[in-house]
Amino acid sequence: MTGDNIKRIRTEKKLTQKKLGELCGIDEANLRKYENGRLKPSLNTIRKIASSLDVYLSDLIDDWSNYSPEEYAKDWETPLDELKLIQDYRILNNNGKDEARKRVNELTEIPKYQKKDE
């Protein structure tokens, strides 16, 4: 569950709910509700939390089916065909996810794949 993952990673990083809330600009009371499963965070909110915890979205979200492709595209202005990549990614086990992350990171280091200033 997303809330359980947020809480687990937050406590591993020795952060209080108050401190994490300050880092990501989320009210502590709402953060508590996310962790307890009483409130579903939007993808944009999860993105802020993941960024503040320095983790991947997939480290927080176990079940992408809770989010529609339209919601995903709206929050990141991402084309819907890119959502297919994320849906494919979630069928990987942890070793596969780690390998996928490594390969994406490797691609970002290759100049021919980098965006050029326009």
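Remark: Glu22 pairs with no residue by the salt bridge (Lys or Arg N to Asp or Glu O under 4.0 Å) rule, at least two apart or across chains. The side chain to side chain contact (heavy atoms under 4.5 Å, CB included) check on Arg8 picks up Asn5, Glu12, with sequence neighbours excluded. Considering only residues two or more places apart in sequence or on other chains, Thr16 meets the side chain to side chain contact (heavy atoms under 4.5 Å, CB included) condition with Lys18, Lys19. In this structure Asp4 satisfies the side chain to side chain contact (heavy atoms under 4.5 Å, CB included) test together with Met1, sequence neighbours excluded. The side-chain hydrogen bond (donor to acceptor under 3.5 Å, both in side chains) check on Arg103 picks up Glu99, with sequence neighbours excluded. Annotation: salt bridge (Lys or Arg N to Asp or Glu O under 4.0 Å) contacts of Asp98 (sequence neighbours excluded): Arg101.
The closest donor-acceptor contact from the side chain of Lys48 to the backbone of Gly25 lies at 3.5 Å or more, if one exists at all. Panel note: side chain Ser51, backbone Arg47; no donor-acceptor pair is recorded below 3.5 Å. A donor-acceptor contact shorter than 3.5 Å links the side chain of Ser42 to the backbone of Thr45. The backbone N or O of Asn95 sits less than 3.5 Å from a side-chain atom of Asn93, completing a donor-acceptor pair.
Side-chain contact between Leu15 and Leu23 is present, with heavy atoms from C-beta onward closer than 4.5 Å. Residues Arg10 and Glu35 have side chains in contact (heavy-atom distance under 4.5 Å, counting atoms from C-beta outward). Residues Tyr34 and Ile49 are in side-chain contact: their nearest non-hydrogen atoms beyond the backbone lie under 4.5 Å apart.
Looking at Glu28, Arg32, Lys33 one by one, the single match for side-chain contact (heavy atoms from CB on, under 4.5 Å) with Asn30 turns out to be Lys33.
No single ILVMFWY cluster, assembled from side-chain heavy atoms under 4.5 Å apart, contains both Tyr56 and Leu20.
Within 6.0 Å of atom CG in Asn105, more than 12 heavy atoms from other residues, nucleotides or ligands are found, so the atom counts as buried in its surroundings.
Ser52 OG to Ile9 CD1: the interatomic distance, rounded to the nearest 0.5 Å, is 12.5 Å.
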* side-chain contact (heavy atoms from CB on, under 4.5 Å) assessment of Leu53 paired with Asp59 -> CA-CA 10 Å; Leu53 291 172; Asp59 293 326; over 6 Å; no
